[in-house]
Number of protein chains: 2
Amino acid sequence: MTIKKNSNGICLCPLKEIITTISKKWAILIISALGHHDRLRFNDLMNILEGISPKSLTDLLKELLNEGLINREAFSEIPPRVEYFLTDEGKQFCEAILPLVQWAENRDNLRR
Amino acid sequence: MTIKKNSNGICLCPLKEIITTISKKWAILIISALGHHDRLRFNDLMNILEGISPKSLTDLLKELLNEGLINREAFSEIPPRVEYFLTDEGKQFCEAILPLVQWAENRDNLRR
DNA sequence: CAGCATCCTGTGCGATACTG
DNA sequence: CAGTATCGCACAGGATGCTG
């Protein structure tokens, strides 16, 4: 996805990267989930995000890792244990989307 | 796109709809642009959002209309003139994503 | 000017089966 | 448990050309 800079007053470019991330179906959900739980393991996330496939989860986690929004810690145990948690940047992001989430909830309520 | 409710504490369901909207590549950009300009015409948007195709813009505008985030006013003139602007809900949305936009800008700056 | 109609491609993402 | 490996499809969205 490419978003060019505009010739106009406001520059929308910085939005480019978040959008690519956010536009992934489960991204916000994962971040929110981690925001509520401190640390979660792969299958924890599989349960919380009902309906996600292991592949999609793996893909997303990798992307969020690359973006520096989450961290991964693997323990050399048997059975293996891996924990995911938000980085500081991820926490900031989590707070940044709070108004959005609240707006969504509010809107949701008004419609019922 | 389907997002089931989870069995867990937090309900992520209200996020479902915004995500479907937000996940459209140009949605946030259009809203932001309209948030900065009061009223914009089709070609104004085409210019501000450099790179968008008329088809994509049309599609998105329709969707945002359906979502009730923007309004459309057509003037019976020749050549035709059509103006788009945010609804109250759209303005609220615009404010709701402000922290996100700012987070993105900030992050963008730190990286250079 | 403000679009609609078509065609076409990339890829997000789901389903399923398998592994260290 | 925490993934990987395949397969397949729906759909976002780009390019181009046409119209009231």
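Lettering of chains follows the sequences in order, A, B, ..., and the numbering in each one begins at 1.
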Item to complete: Nearest whole angstrom, please: distance from the P of C:dC4 to the CE of B:Met46.
Response: 13 Å
Worksheet item: Rounded to the nearest Å, what distance is computed from the CD atom of residue A:Glu63 to the C1' atom of nucleotide C:dT11?
Response: 12 Å
Discussion item. Strictly by ring-ring contact (aromatic ring centres under 6.0 Å, His included), give each pair with a member in residues 64-84 of chain B just once, sequence neighbours left out.
Written reply: none
Worksheet item: Among all residues two or more places apart in sequence or in another chain, which pass the side chain to side chain contact (heavy atoms under 4.5 Å, CB included) test with A:Pro80?
Response: none
Worksheet item: Separation of A:Ile22 atom CD1 from D:dA12 atom P, in whole Å?
Response: 18 Å
Worksheet item: Per the end-axis method with five pairs at each terminus, what is the bend angle of the helix from C:dC1-D:dG20 to C:dG20-D:dC1, to 10°?
Response: 60°
Worksheet item: Does B:Ser56 place a side-chain N or O at less than 4.0 Å from the phosphate oxygens OP1/OP2 of D:dG14?
Response: yes
Fill in: Non-neighbouring partners of A:Arg41 that pass side chain to side chain contact (heavy atoms under 4.5 Å, CB included), sequence neighbours left out
A:Asp44, A:Arg81, A:Glu83
Response to the item:
note: B:Leu57, atom CG; C:dC4, atom P; distance rounded to Å ~ 10 Å
Worksheet item: Rounded to whole angstrom units, what separation is found between the CD1 atom of B:Ile52 and the P atom of D:dG13?
Response: 8 Å
Fill in: Test log, rule salt bridge (Lys or Arg N to Asp or Glu O under 4.0 Å), inputs B:Glu67 and A:Arg107
CA-CA 11 Å; B:Glu67 291 286 333; A:Arg107 190 183 187 222; 3.2 Å; yes
Between the protein and nucleotides 2-5 of chain D, are there any N/O to N/O pairs under 3.5 Å, and if so, what are the atom names and distances?
unit_1 : atom_1 : unit_2  : atom_2 : d
D:dA2  : OP1    : A:Arg41 : NE     : 2.7
D:dA2  : OP1    : A:Arg41 : NH2    : 3.0
D:dA2  : OP1    : A:Val82 : N      : 3.2
D:dA2  : OP2    : A:Asn43 : N      : 3.4
D:dG3  : OP1    : A:Arg72 : NH1    : 2.4
D:dG3  : OP2    : A:Tyr84 : OH     : 2.6

Practice prompt. Return the set of residues passing salt bridge (charged side-chain N to carboxylate O under 4.0 Å, His left out) with B:Lys55 (not counting sequence neighbours), or none when no residue passes.
Written response: B:Asp59
Worksheet item: What's the CD1-C1' distance between B:Ile78 and C:dA2, to the nearest Å?
Response: 13 Å
Fill in: Partner residues of A:Asn106 under the side chain to side chain contact (heavy atoms under 4.5 Å, CB included) criterion, sequence neighbours left out
A:Leu110
Fill in: Between C1' of C:dG12 and CH2 of A:Trp26, the distance in whole Å
12 Å
Worksheet item: Among all residues two or more places apart in sequence or in another chain, which pass the side chain to side chain contact (heavy atoms under 4.5 Å, CB included) test with B:Asn43?
Response: B:Met46
Solution key, residues 90-103 of chain B side-chain donor-acceptor pairs under 3.5 Å, sequence neighbours excluded:
none

Response to the item:
Closest non-hydrogen contact found for A:Ile48 with A:His37 is CD1-CE1, 3.9 Å
Fill in: Separation of atom CZ in B:Arg39 from atom P in C:dA2, rounded to whole Å
13 Å
